[in-house]
Each structure stands twice: as structure tokens, then as C-alpha cells.
Amino acid sequence: MKYGYARVSTDDQTPALQLVALKKAGCKTVFKDDGISGATTKRPALLRCLKKLESCNTLIVWKLDRLGRSLRDLITMLDDLKCKGVKFRSLTEHIDTDTPAGRAMWQMIGLLAELERSLISERTRAGVKAAKRRGVKFGRKPKLTPQQLDHVRELIDKGNRDRQGIADLFKVSRTTLYRALVA
């Protein structure tokens, strides 16, 4: 069975063009989200549609961007469909996972998504490295200042064995106190 999904981002847009194309493509049931951005995953009609799909069904959309804005989300969603045995068609981009050319096109999109993830990761590592060279400190801010640590050490050197009492004095946990002393 063929199911269609249509989405418009704003209330003043009309899904008429999408609905006509989906009906023409043979969709008996069309799920429609009105006034909902593709960037959000909280799309009630899409969620109902995905629950309804079974093996050998086909999900048809007018255009890929109607299904989702993020390439990563699209890849994930379509991989889930593939695992369920659901076929996919995008009318505008002529992607049809039921044909060899459509499957090849989908694999190319997957490769591009993987490349995008790798480039993002590489840029992130380069950015962190550059920030560290500029002296940016990463991680949590220490709970105890160097002056407070000096005071803690003085108390311990003077024979104060009550570590919990010292931790309470500085409003930190005993574990935090021990970690700060070791560092």
C-alpha cells in the first residue's frame, strides 16, 4: 500500500500541490502536517504515518525537504524504513528505493551525509585545538579556588582529620575535596 506525507511550514501555505501529486502517485492515504517546521521532530501526522507503515508499504513524499530538513534526520528515518522493509519515493528528486538507480541515489546521499559528519567532526577538533592554543579552558569550573585549596591544606597540616567537616566548611562534597587535593 502507498502512503503519502505532506507538510507545510506556515499556516498561510497550502499543501494542495503536494496532495495532488501524492494522489496522482497512487497514495490512498495521505498524512498531512500544517504549519509545522521540518526542523522539529514533533510532527504528529508524520509520527502516525511512521507507525502505520509495514513491510512492503511505500512512503511517498513530494520533496525530500517535506520529510525533514536535516540530512542526518533523513538518513536515520530512511534507514529505519529500510529496516522495516518499507520502500521510499520522493517525487521531485526522482528517488525510488524500489529501482536500482533509486537505491544508488540513496547510497550517494548516505555517502554525502557521512562526509558531512566527518567534516563537522574535523572542524570541531580543529576549533577546540585553536581555542586551547588561545588559552581557553574546557570543562567545569573548579569548585575550590587556589586560595581555598591552600586553606584546606593548612587545616589538614594543622591536624584537622575531619574531612567531612572541611568539605562542609567550603560547601563541597567530600569527594570534590579529595579530587581537588589530588589534582
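- When all heavy atoms of C49 and L59 are compared, the closest pair comes out as SG-CD1, 3.6 Å.
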Audit row: Q147, H151, side-chain contact (heavy atoms from CB on, under 4.5 Å) steps and yes/no: CA-CA 6 Å; Q147 295 84 4; H151 190 202; over 6 Å; no
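- In this structure, K143 NZ and R179 CZ are separated by 10.5 Å, a value rounded to the nearest 0.5 Å.
- Put simply, the side chain of I156 reaches to within 4.5 Å of the side chain of L181, judged on heavy atoms.
- Hydrophobic cluster membership is shared by V128 and V136, with clusters built from Ile, Leu, Val, Met, Phe, Trp and Tyr side chains linked at under 4.5 angstrom.
- Between V30 and K23, some side-chain heavy-atom pair lies under the 4.5 Å cut-off.
- To the nearest 0.5 Å, the span separating CD on Q18 from OG1 on T92 amounts to 8.5 Å.
- Remark: K32 engages D34 in a salt bridge, criterion side-chain N to carboxylate O under 4.0 Å.
- One N or O on the side chain of E93 and one on the backbone of L64 form a donor-acceptor pair closer than 3.5 Å.
- A heavy-atom distance below 4.5 Å is not found between the side chains of V61 and L91.
- The shortest side-chain heavy-atom distance between T58 and F88 does not fall under the 4.5 Å cut-off.
- Without hydrogens or angle criteria, K52 side chain to L47 main chain gives no donor-acceptor distance under 3.5 Å.
- Cluster membership check: L17 does not share its hydrophobic cluster with V8, using side-chain heavy-atom separations under 4.5 Å among Ile, Leu, Val, Met, Phe, Trp and Tyr.
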Steps toward side-chain contact (heavy atoms from CB on, under 4.5 Å) verdict (K2, N57): CA-CA 6 Å; K2 295 178 181 177; N57 289 159; over 6 Å; no
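- At least one donor-acceptor pair under 3.5 Å links the side chain of D33 to the backbone N or O of L46.
- For the pair L155 and F170, the minimum side-chain heavy-atom distance is below 4.5 Å.
- In this structure, L74 is a member of the same hydrophobic cluster as Y5, with clusters built from ILVMFWY side-chain heavy atoms closer than 4.5 Å.
- From C27, atom SG reaches atom CH2 of W62 across 14.5 Å, with rounding to the nearest 0.5 Å.
- Looking only at side-chain heavy atoms (C-beta outward), K28 and M1 come within less than 4.5 Å of each other.
- If you chain together hydrophobic residues whose side chains sit under 4.5 Å apart, I75 and L50 fall into the same group.
- Side-chain N/O atoms of S121 and R125 include a donor and acceptor closer than 3.5 Å.
- Residues R66 and K63 form a side-chain contact, since some pair of their non-hydrogen atoms from C-beta on lies under 4.5 Å apart.
- Hydrophobic clustering, with ILVMFWY side chains joined whenever heavy atoms are under 4.5 angstrom apart, groups V86 together with M105.
- Using cut-offs of 30° and 60° for the angle between ring planes, the F31 and Y3 rings count as tilted.
- With values rounded to the nearest 0.5 angstrom, K87 atom NZ is found 11.5 Å from T99 atom OG1.
- Between D79 and T76, every side-chain heavy-atom pair lies at or beyond the 4.5 Å cut-off.
- Of the possible polar contacts, one joining the R7 side chain to the D65 backbone as a donor-acceptor pair under 3.5 Å is found.
- Remark: side-chain polar atoms of Q164 are not paired, donor with acceptor, to backbone N or O of R174 under 3.5 angstrom.
- Interatomic distance, CE of M108 versus CD1 of I95, reported as 11.5 Å (0.5 Å rounding).
- Atom CG of L78 sits about 8.0 Å away from atom OG1 of T97, to the nearest 0.5 Å.
- In this structure, T124 contributes its side chain and I120 its backbone to a donor-acceptor pair below 3.5 Å.
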